[in-house]
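In what follows, chains are A, B, ... by sequence order, proteins preceding strands, each numbered from 1. Predicted, not measured: the structure shown is a model, and the values here were computed from it.
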Amino acid sequence: MSKTEPVEASNFIRNIIEADVAAGKHDAQVVTRFPPEPNGYLHIGHVKSICLNFGMASRFNGRCNLRFDDTNPARENEEYAQAILEDVSWLGFEWSELHHASDYFEQLYTYACDLIRAGKAYVDSSSADEMRAMRGTLTEPGTPSVYRDRSVEENLDLFKRMRSGEFDDGAHVLRAKIDLASGNMNMRDPTLYRIRKIAHVRTGDSWSIYPMYDYTHCVSDAIEKITHSLCTLEFEDHRPLYNWVLEQIDAPGAPEQTEFARLALEYTMLSKRRLIQLVEENHVRGWDDPRMPTITGIRRRGYTPASLRDFCERIGVTKNDAWIEMMVLENCIRDQLNVEAPRRMAVLDPIKVVITDLPEDYSETLSFANHPQDESAGRREIPFSSTVWIEQDDFAEVPPPKYQRLTIGGEVRLRGSYVIKCNEIIKDETGNIIELRCTHDPDTLGKKPEGRKVKGVIHWVCAKKGVNAQVRVYDTLFTVPNPAAAESFTDIINAESEKVMSMCIIEPSLTAAEPETHFQFERLGYFVTDRRDHSPTTPTFNRTVTLRDTWAKK
RNA sequence: UGGGCCGUCGCCAAGCGGUUAAGGCACCGGGUUUUGAUCCCGGCAUUCGGAGGUUCGAAUCCUCCCGGCCCAGCCA
């Protein structure tokens with residue numbers, strides 16, 4: 001076997017882990033974790049992180065935990081947590097262990113007391129505003145709070161009473177005692193605990209103080225013996241603090257944080273706040289609107305887990321501020337569905353064609369391959385009669401140059417059927433074409449026409465047996481590549497991001513399809529039966545993506 | 001000189017002192033085709049943000065410069 005081995009794409013994180021394993025670091029184990037906060041739906045940016053974390057674990061025969069970073073009960077809820085579990089599973093990943101940061105609250109509290117005893121943390125009774133003022137600026141050092149030198153006994157006592165609920169929100173916080181002059185703002189005595197007299201989904205009201213992310217995350221990683229803690233670039237500045245905390249306590253593990261660039265996808269917005277806004281202001285119909293970049297939305301649009309995993313493979317992992325073109329995502333689903341999706345015919349914007357040289361009650365059954373390159377996909381029967389629907393776009397009274405479809409006096413192949421010629425146009429009183437009267441060449445079924453070339457092939461559906469359906473065609477939600485840069489998104493929302501087409505005609509067999517079944521509608525694109533709205537009596541399809549169209553581009 | 005980070009083809013991205021600077025997407029040809037799809041074949045960076053330097057040899061090491069991103073939540 002001398003054939004060239006396909007070189008698996010390398011990335012810096014994989015290289016680091018590879019080197020660590022080779023060096024026997026962390027006992028040559030690889031344990032990662034995906035740590036979402038249950039305060040929103042997962043989106044395609046999270047998919048990158050999920051694929052990385054689960055992918056690395058599986059590649060190195062390690063484990064990947066799913067851990068909810070549930071340290072802020074004010075914003076988190078169970079609906080989000082359930083959705084996250086479903087999305088990760090749907091993507092095809094299985095977590096090794098399921099944890100919650102809240103499982104560690106007691107341990108976190110104990111470590112915090114250790115920190116106080118070691119003189120590494122203190123209770124600050126300044127207000128949030130005062131603390132902000134004392135923090136200094138990017139170029140000026142901070143100034144110490146008057147509470148910075150409280151005794152260990154006083155700190156311990158106060159912290160204990162904070163926990164017991166004696167104080168109101170904001171009365172005190174627990175701060176690490178590090179370096180108020182640090183150029184890294186995170187090291188200027190960061191807050192470790194704040195008082196929040198609010199019930200937590202999992203711990204109820206047993207706590208009135210909650211630990212901050214910086215303190216919780218590293219300790220949670222250590223408790224779970226995570227080896228490689230992968231996160232996005234904005235946490236780079238937090239790494240010194242992550243390490244500082246673990247150095248102060250008697251940590252069970254020695255996780256190492258490595259940061260990578262978060263995904264930036266053209267024409268989409270991935271900030272949780274903005275996504276929530278889209279939903280709440282009804283710019284979309286919900287978290288699973290097929291235009292949303294959420295996993296559930298992308299799923300409803302018709303993307304598959306495999307196509308999303310492929311996407312992550314293609315975009316790579318680096319620290320570059322990279323913008324991924326929409327096309328890259330689209331090509332992933334095209335490539336998968338081109339191989340896997342059975343072909344069908346559907347007419348979205350129909351115009352009637354009457355074949356005048358066939359008896360009015362003529363009907364015939366034609367056999368079609370379900371896939372042109374894959375015999376194993378089988379065949380199906382399609383009804384044909386003297387009246388068919390074709391796409392309005394496939395007829396032009398005044399054809400543009402190089403037009404290969406039906407024109408007056410011209411011929412075109414009805415895919416899998418006969419070559420027809422248009423002889424006459426019928427218009428209504430306002431001038432709209434309502435019917436094309438054509439004749440057919442009976443000697444062209446399954447063979448090329450005699451003595452001439454017919455280049456064009458168009459799709460069609462039998463008017464007698466075709467079934468009415470709703471098809472929703474989608475375009476990008478925004479009109480600009482970087483919507484996040486816009487002042488308000490009301491003026492950059494694409495008014496044509498969704499077009500609901502209710503007069504579509506589909507092959508009769510399509511009504512039997514289960515929800516979430518993928519098809520290629522020939523010459524149009526890939527479509528999926530809607531997860532929620534599709535049924536035999538209400539056939540409903542979403543357009544996942546169009547076919548590549550080199551002609552339309554010109 | 002507040003701190004941290006990033007710059008390799010239009011868009012991603014390998015590359016880790018010696019390679020003809022991988023690969024994918026896009027693009028441009030040409031072939032096959034009853035989907036203007038797919039598929040196939042070919043083309044596509046004398047050059048790695050810039051300028052110096054080290055070296056027999058630099059995208060890879062050093063210096064300076066230019067451009068971009070992140071940080072002043074009791075958010076994550």
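At whole-Å resolution of the value, CD1 in A:I324 and C1' in B:rG24 are 11 Å apart. Protein atom CG of A:D310 is 18 Å distant from nucleotide atom P of B:rG23, rounded to whole Å. Protein atom NE2 of A:H459 is 23 Å distant from nucleotide atom P of B:rU33, rounded to whole Å. One can place CD1 of A:I333 at 21 Å from P of B:rG24, the figure rounded to the nearest angstrom. Protein atom CZ of A:R188 is 13 Å distant from nucleotide atom P of B:rG4, rounded to whole Å. Atom-to-atom, CG of A:L329 to P of B:rA26 comes out at 13 Å; the value is rounded to the nearest Å. In this structure, A:K319 atom NZ and B:rG4 atom P are separated by 12 Å, rounded to whole Å. Spacing between atom CZ of A:F12 and atom C1' of B:rC6 amounts to 11 Å, rounded to whole angstrom units.
Two residues are said to be in side-chain contact when any heavy atoms from C-beta on lie closer than 4.5 Å; A:N186 and A:P240 fail this criterion.
Under the ring pair (Phe, Tyr, Trp, His ring centres under 6.0 Å) test applied with A:H440, the options A:F384, A:Y418, A:W460 reduce to a single match, A:Y418. Between A:R194 and the choices A:L174, A:V173, A:D169, the side chain to side chain contact (heavy atoms under 4.5 Å, CB included) rule is met once, by A:V173.
For B:rA14 and B:rC74, the C1' atoms lie 45 Å apart once the distance is rounded to whole Å. A gap of 28 Å separates the C1' atoms of B:rA58 and B:rU1, to the nearest Å. Rounded to a whole angstrom, the distance from the P atom of B:rC5 to that of B:rC12 is 22 Å. Using P as the reference atom, B:rC61 and B:rC48 are 15 Å apart when rounded to the nearest Å. The gap from the P atom of B:rA13 to that of B:rC75 amounts to 34 Å, rounded to the nearest Å. The gap from the C1' atom of B:rG3 to that of B:rA21 amounts to 35 Å, rounded to the nearest Å. Here, B:rA76 and B:rC64 have their P atoms 39 Å apart, quoted to the whole Å. With C1' as the reference atom, B:rU54 and B:rC69 are 31 Å apart, rounded to whole Å.
In B:rG57 the base sits anti relative to the sugar, since the glycosidic angle is further than 90° from 0.
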Contact pattern, 5' to 3', of nucleotides 71-76 of chain B - B, S or - by protein heavy atom under 4.0 Å: BBSBBB
Protein proximity profile, nucleotides 34-45 of chain B - base contact B, sugar-phosphate-only contact S, no contact -, cut-off 4.0 Å on heavy atoms: BBBBB-------
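Between A:N331 and B:rA26, a side-chain N or O to OP1/OP2 separation shorter than 4.0 Å is present. Contact between the side-chain N/O atoms of A:N320 and the OP1/OP2 oxygens of B:rG7 is found at a separation under 4.0 Å.
Judged by Watson-Crick or G-U wobble contacts below 3.5 Å, the nucleotide B:rG7 has B:rC66 as its partner. Across all strands shown, B:rG2 forms a Watson-Crick or G-U wobble pair, both distances under 3.5 Å, with B:rC71. Nucleotide B:rU34: unpaired (no Watson-Crick or G-U wobble partner with both distances less than 3.5 Å). Across all strands shown, B:rA26 remains unpaired; no Watson-Crick or G-U wobble contact has both distances below 3.5 Å. In this structure, B:rC56 forms a base pair with B:rG18, meeting either the Watson-Crick or the G-U wobble geometry with both donor-acceptor distances under 3.5 Å.
Residues meeting the side chain to side chain contact (heavy atoms under 4.5 Å, CB included) test with A:S376, sequence neighbours left out: A:D374. Applying the side chain to side chain contact (heavy atoms under 4.5 Å, CB included) criterion to A:R274, with sequence neighbours excluded, gives A:M269, A:S271, A:Q277, A:F489. Residues passing the side chain to side chain contact (heavy atoms under 4.5 Å, CB included) test with A:N338 are A:R343, A:Y526, sequence neighbours excluded. Residues satisfying the ring pair (Phe, Tyr, Trp, His ring centres under 6.0 Å) test with A:H238, not counting sequence neighbours, are A:F235.
In this structure, A:V317 reaches the sugar-phosphate backbone alone: every heavy-atom distance under 4.0 Å involves primed, P, OP1 or OP2 atoms, never a base.
No more than 12 heavy atoms of other residues, nucleotides or ligands sit less than 6.0 Å from atom CD of A:E381.
Donor-acceptor pairing under 3.5 Å is recorded for the side chains of A:S229 and A:R33.
One finds a salt bridge joining A:E18 and A:R59 here, because a Lys/Arg side-chain nitrogen approaches an Asp/Glu carboxylate oxygen to under 4.0 Å.
The backbone N or O of A:V123 lies less than 3.5 Å from a partner atom in the side chain of A:N155, making a donor-acceptor pair.
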